[in-house]
Protein chains: 2
Amino acid sequence: MRHVLSALVQNLPGVLSHVAGMLASRGYNIESLAVGETERPDLSRMTFVVRGDASTLDQVRKQLEKLVTVVHVDNISAQDFVERDLMLIKVNVPEGRRSEIMELVEIFRGQVVDVSSKQMMIEISGKERKIEAFVEVLRPFGIVEMVRTGQIALVRAMQFNESGTLKG
Amino acid sequence: MRHVLSALVQNLPGVLSHVAGMLASRGYNIESLAVGETERPDLSRMTFVVRGDASTLDQVRKQLEKLVTVVHVDNISAQDFVERDLMLIKVNVPEGRRSEIMELVEIFRGQVVDVSSKQMMIEISGKERKIEAFVEVLRPFGIVEMVRTGQIALVRAMQFNESGTLKG
């Protein structure tokens, strides 16, 4: 099963090495990882996507929280969440097919960020499935290079109706 | 100095741990890291932003390339490149100020991805400086939570003019 974990960690050298070492020692392969700044300069947030059964994942979460540099770990995918991934992709532009590619970029709400006579670089964000679909439609033109951020996610705000019942 | 490195690595458990361990042992603090899939299922691409002087960075690059799981390391920031970062941010919506926030979202070309009566979640991508400016304009409303992917980057395509001279 695919899980999205979000860990709030201290912004110190070695933290990533601790976390990565712990996950590797348990045999968890990290499918994607994004580490970025947070609202507090002393803390970073790591979002990682891992595969594994739920019970082992819970153990890993607890083990991670034992690391002194890890403040808190959240199993985001166990809740109602919004996920996004960002990609830069460089694609070949075969003669006379630029407008065809532009049309696909528009459909997927991407953005052209660099153009040369034979190539185009496109920025696109969205759910994993959308990004993957975009890669597939571009593949026949020839993908030169691509880079993805890995997924980030935040839990949705809870909605209470007037009687105070949780709407989800 | 701030450097953007891009490493093509084998998609295997433990690779991240090797790379992170190596950087930590050299005292390099990783400012941001993004690990995502590439055009080849057996390879991942790591983009990391580190600070340090250029000569030591070059040593680190060479050391990284000695790891068997690392295919290639590129110093992207030494070239002409496009960089992007993605953020999800949850902000408080004080009574009567929703349209004010919406206006800022539009100016920064962000996108509202979740709304509740008292909060709003916004997606925004761009250069680091743009993301940071957006955080600053939202700060007075009260930032509930935020998560960033860390930077990804690709080198721009080179432009040759008709005489074959490199235009850069």
Side-chain angles (χ1 to χ4, degrees), chain A residues 6 11-21 23-25 27-39 44-45 47 82 84-90 113-121 123 125 135 139 143-160, chain B residues 6 11-21 23-25 27-39 44-45 47 82 84-90 113-121 123 125 135 139 143-160:
Chain A
S6 175
N11 192 8
L12 292 171
V15 177
L16 178 63
S17 167
H18 292 160
V19 171
L23 287 165
S25 72
Y28 271 104
N29 190 15
I30 302 175
E31 210 165 89
S32 84
L33 172 76
V35 188
E37 295 165 37
T38 64
E39 54 279 22
S44 294
R45 190 182 292 275
T47 311
V82 175
R84 287 292 182 276
D85 196 335
L86 178 71
M87 176 173 69
L88 286 173
I89 186 165
K90 216 187 273 176
V113 290
D114 188 48
V115 185
S116 71
S117 52
K118 298 207 167 122
Q119 293 180 359
M120 209 182 256
M121 198 196 297
E123 172 194 354
S125 74
V135 173
R139 203 179 289 281
I143 293 166
V144 182
E145 225 181 346
M146 62 184 255
V147 56
R148 283 172 65 173
T149 55
Q151 202 173 302
I152 51 169
L154 278 185
V155 172
R156 285 180 194 276
M158 283 180 294
Q159 297 276 10
F160 289 86
Chain B
S6 175
N11 192 6
L12 293 171
V15 178
L16 179 64
S17 166
H18 293 160
V19 171
L23 288 165
S25 72
Y28 270 104
N29 190 14
I30 303 173
E31 209 164 271
S32 83
L33 173 76
V35 188
E37 294 165 39
T38 65
E39 54 280 21
S44 295
R45 191 182 291 274
T47 311
V82 175
R84 287 293 182 274
D85 194 334
L86 179 71
M87 176 173 70
L88 286 173
I89 186 164
K90 216 188 274 177
V113 290
D114 189 48
V115 185
S116 71
S117 53
K118 300 207 165 120
Q119 293 179 358
M120 211 183 254
M121 198 196 298
E123 172 194 354
S125 75
V135 173
R139 202 179 290 281
I143 293 165
V144 183
E145 223 180 348
M146 62 184 255
V147 57
R148 282 173 65 173
T149 55
Q151 202 173 300
I152 52 170
L154 279 186
V155 172
R156 285 180 194 274
M158 283 179 294
Q159 297 276 12
F160 289 87

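Note: hydrogens, waters and symmetry copies are ignored here, and every other heavy atom, side chains too, is used. Letters A, B, ... are given to chains in the order of the sequence lines, protein chains preceding strands, and every chain is numbered from 1. Since we're looking at a predicted model, the values are computed, not measured.
Residues B:S32 and A:E37 bring no donor and acceptor atom of their side chains to less than 3.5 Å of each other.
There is no contact between B:L23 and chain A, counting heavy-atom distances below 4.5 Å. Only the backbone of B:M87 comes within less than 4.5 Å of a heavy atom in chain A; its side chain stays farther off. Within the 4.5 angstrom heavy-atom criterion, no atom of A:S44 approaches chain B. Interface remark: B:M146 contributes backbone and side-chain atoms alike to the contact with chain A (heavy atom separation under 4.5 Å). In this structure, chain A has a heavy atom under 4.5 Å from the backbone of B:V144, while its side chain stays farther away. The parts of B:V82 that come within reach of chain A are both its backbone and its side chain, each placing non-hydrogen atoms under 4.5 angstrom from that chain. Proximity to chain A (any heavy atom under 4.5 Å) is restricted, for B:I143, to the side chain, taken from C-beta onward.
Not a single donor-acceptor pair under 3.5 Å links the side chain of A:R156 to the backbone N or O of B:D114. Although no hydrogens or angles enter the test, the distance criterion places a donor-acceptor pair under 3.5 Å between the side chain of A:K90 and the main chain of B:V155. Under a 3.5 Å cut-off, the side chain of B:R45 and the backbone N or O of A:R148 do not form any donor-acceptor pair.
In terms of the side-chain hydrogen bond (donor to acceptor under 3.5 Å, both in side chains) criterion, B:T38 has no residue partners (sequence neighbours excluded). For A:T149, the side-chain hydrogen bond (donor to acceptor under 3.5 Å, both in side chains) partners two or more places apart in sequence, or in a different chain, are A:D85.
If you tally non-hydrogen atom pairs under 4.5 Å between each of A:Q119, A:R139, A:E123 and chain B, the highest count goes to A:E123. Among the candidates A:A20, A:G36, A:G14, the residue making the largest number of heavy-atom pairs closer than 4.5 Å to chain B is A:A20.
The two residues A:S17 and B:A24 have their closest heavy-atom pair at CB-CB, 4.2 Å. Residues A:A153 and B:V147 approach most closely at O-CG1, 3.7 Å, considering heavy atoms.
Residues B:R84 and A:V113 meet the side-chain proximity criterion, which asks for heavy atoms closer than 4.5 Å.
Going from atom CG of B:L33 over to atom CG of A:L16 covers 6.0 Å, rounded to the nearest 0.5 Å.
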